[in-house]
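Working notes for the structure below.
Just so it is clear: chains get the letters A, B, ... in the order the sequence lines come, proteins before strands, and each one is counted from 1.
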Number of protein chains: 2
Amino acid sequence: MSVALDHREEAFTLRQQQVLSAALELLVEGSDALTMTAVARRASCSKETLYKWFGDRDGLLTATVQWQAAKVRVPHVDRHRLDAQTLRSSVEAFARDLLGTLVGEMSVTLNRLAVADAGMQKRGLGRIVLENGRLEMGRRLKPVLDAGRHARLLDFADSETAFQVFFGLVVRDTQIRLLLGDEMHLGAAEIDRDAIAATQQFFALYGREEKSR
Amino acid sequence: MSVALDHREEAFTLRQQQVLSAALELLVEGSDALTMTAVARRASCSKETLYKWFGDRDGLLTATVQWQAAKVRVPHVDRHRLDAQTLRSSVEAFARDLLGTLVGEMSVTLNRLAVADAGMQKRGLGRIVLENGRLEMGRRLKPVLDAGRHARLLDFADSETAFQVFFGLVVRDTQIRLLLGDEMHLGAAEIDRDAIAATQQFFALYGREEKSR
DNA sequence: CTTGCACCGTACCGAACGTTACGGTACACC
DNA sequence: GGTGTACCGTAACGTTCGGTACGGTGCAAG
């Protein structure tokens, strides 16, 4: 039942990555635009090569999603110097990166594809995107939250629940609306504003010695 | 560019609704299981009839989604007797219904379908689901929030933003995880707990005279 | 009884697309 | 020069599926 999530290093040739990049382009243009013929033409390679490298269409799709999903820039936060100010700005930066990623064209495309795939018998892509997206985000921020709690700056019972609330405050209904095709044109300014507001609210709920900021 | 959203009354024969119900069954079993032949066989009708009634596959899909999406039970809340207690329980009930709907098999199926559709050139289904789901929810709760503000029980600048935060607190990452195929098995108990927690947090952020409850 | 209508069941058509096969080319290695 | 390898481009095959056509049935109206 466990999905293969290895392939840490660049297991792909430069040429192969060009193919994956072409596939990704097609995917962004419309998930139904990715036909083997179209990929071959776009990447200037033969279909025979495609099948030799990736097995079948599903293999190409999986490789593409895995390749792209793995390079999602999950923000790093260091737990040194954990005073109230650095904790807050760390969380705020995390919120900004999270929201900025989710509203990106690539995230929307990949999540659309994975959601659609989860609605079929095949499954697989959903797991990959979930693992490299939402779950990885949790794994990254939770240590920070725990450190914050240990430093008596935050107060919560379960870090998983705390992260879920944080996620909800940051993302709100933005992701689902984007996935459903709503045009929201979120600029850097709005993302910044929302990240700050979400952080503010998160600390209002879980902060220990709130001093209005 | 505006999508047809009329068809208020039951524009469908009983027999036609049986067909739509069959289509819905197929959809739940897997979005790729809905072929015209399968629908015809499941509903014990001829493909010719299908095309006469719904035009083409897209028409059948649209009719199915519209028919089902329109019957999403959006909770009603009355704005009479607006003391702190009734406001709170109204919001809480709304949260419970919202979460209960979103985790349902039908909501997941429809949203998966609409998200997948939004990733293609066609578009259309995303608009319908968005309009009957998230946006309708907002239209229903916002008057209550406004009434709460007018009664000086709530304090916020923009009811739209307030609803978005409420949505985020209630839904968190639940919907996207379900859409991506994560098995979460949320029971009535968990839904109840989360709805209460979300309401608690919403009032902590926007309530005017919070008294711990 | 006849006619017309709405519908069922099924066979059929054409297009799209995944997949395979084959001929041709560039290049490294001997 | 000869040979093998990796690749490109394209033709071809098989299946699936949307869409159409046609014969057959039950039934209500006249």
Side-chain angles (χ1 to χ4, degrees), chain A residues 10-67 112-114 116-117 119-125, chain B residues 10-67 112-114 116-117 119-125:
Chain A
E10 303 293 342
F12 295 115
T13 311
L14 191 67
R15 185 79 184 92
Q16 286 174 332
Q17 295 192 37
Q18 291 175 5
V19 171
L20 295 179
S21 175
L24 216 46
E25 281 183 36
L26 272 309
L27 240 34
V28 172
E29 291 174 18
S31 57
D32 56 345
L34 187 131
T35 68
M36 299 302 275
T37 306
V39 174
R41 184 153 38 216
R42 180 74 61 107
S44 293
C45 74
S46 76
K47 293 168 69 172
E48 192 179 19
T49 303
L50 249 43
Y51 283 96
K52 176 187 289 188
W53 285 346
F54 304 104
D56 57 2
R57 183 178 189 275
D58 217 54
L60 172 60
L61 218 49
T62 305
T64 305
V65 171
Q66 221 161 34
W67 176 63
R112 280 216 186 107
L113 191 65
D117 184 77
M120 300 181 173
Q121 286 82 330
K122 307 182 306 179
R123 222 67 64 89
L125 295 189
Chain B
E10 304 293 340
F12 297 114
T13 311
L14 191 66
R15 186 78 183 94
Q16 287 173 332
Q17 296 192 35
Q18 291 174 5
V19 171
L20 295 180
S21 174
L24 218 45
E25 281 182 36
L26 272 310
L27 238 36
V28 172
E29 293 175 18
S31 57
D32 55 347
L34 187 131
T35 67
M36 300 303 275
T37 306
V39 174
R41 184 155 36 216
R42 181 72 61 104
S44 292
C45 74
S46 75
K47 291 171 64 175
E48 193 177 19
T49 304
L50 249 42
Y51 283 98
K52 177 187 288 187
W53 285 347
F54 304 104
D56 57 2
R57 183 179 189 275
D58 218 53
L60 172 60
L61 219 48
T62 304
T64 304
V65 171
Q66 221 161 34
W67 176 64
R112 279 214 187 108
L113 192 66
D117 185 77
M120 301 181 173
Q121 286 83 332
K122 307 182 307 182
R123 224 66 66 89
L125 295 189

At a 4.0 Å cut-off to heavy atoms of chain A, the contacted part of DNA chain C spans C/dC17 to C/dC22
Going by salt bridge (Lys or Arg N to Asp or Glu O under 4.0 Å), name the residues that satisfy it together with A/Asp58, two or more places apart in sequence or in a different chain.
A/Lys122
Pull out every residue in residues 50-62 of chain B that has a heavy atom closer than 4.0 Å to any atom of DNA chain D, ordered by number, or say none.
B/Tyr51, B/Asp56, B/Arg57
Nearest heavy-atom pair of B/Arg57 and B/Tyr51: which atoms, and what distance?
N-CE2, 4.4 Å
Can you give me the closest heavy-atom contact between B/Ser46 and B/Thr49, atom names plus distance?
OG-OG1, 2.9 Å
Assess whether side-chain contact (heavy atoms from CB on, under 4.5 Å) is satisfied between A/Leu61 and A/Leu113, documenting all intermediate values.
CA-CA 10 Å; A/Leu61 218 49; A/Leu113 191 65; 4.3 Å; yes
Interatomic distance, CZ@B/Phe54 vs CG@B/Leu20, rounded to 0.5 Å, equals 4.5 Å
Only counting residues at least two apart or in another chain, list the ones meeting side chain to side chain donor-acceptor pair (under 3.5 Å) with A/Arg41.
none
For A/Thr13 and A/Gln16, indicate whether the former's side chain and the latter's backbone hold a donor-acceptor pair under 3.5 Å.
no
Enumerate the residues from residues 18-31 of chain B whose closest heavy atom to DNA chain C is under 4.0 Å, giving them by residue number; use none for an empty result.
none
Listed by chain and number, what are the side chain to side chain donor-acceptor pair (under 3.5 Å) partners of B/Glu29, not counting sequence neighbours?
B/Arg42
With sequence neighbours left out, the residues meeting side chain to side chain donor-acceptor pair (under 3.5 Å) with A/Ser21 are none
Ordered by number, residues from residues 32-41 of chain A within less than 4.0 Å of DNA chain D (heavy atoms) are none
Taking any atom under 4.0 angstrom from a heavy atom of chain A, which nucleotides of DNA chain D are the first and last to qualify, 5' to 3'?
D/dC7 to D/dG9
Return a table of donor-acceptor pairs under 3.5 angstrom between the side chains of residues 31-40 of chain A and protein atoms on other chains or two or more places apart.
| from | atom 1 | to | atom 2 | distance (Å) |
| --- | --- | --- | --- | --- |
| A/Ser31 | OG | B/Gly119 | O | 3.4 |
| A/Thr35 | OG1 | A/Ala38 | N | 3.0 |
| A/Thr37 | OG1 | A/Lys47 | NZ | 3.3 |

The helix from C/dC1-D/dG30 to C/dC30-D/dG1: angle between its terminal axes, five pairs each, to 10°?
10°
Using 0.5 Å steps for rounding, measure from the SG atom of B/Cys45 to the CZ atom of B/Arg15.
5.5 Å
Mind checking side chain to side chain contact (heavy atoms under 4.5 Å, CB included) for B/Ala114 and listing every partner two or more places apart, or none if nothing turns up?
A/Leu180, B/Leu125, B/Val129
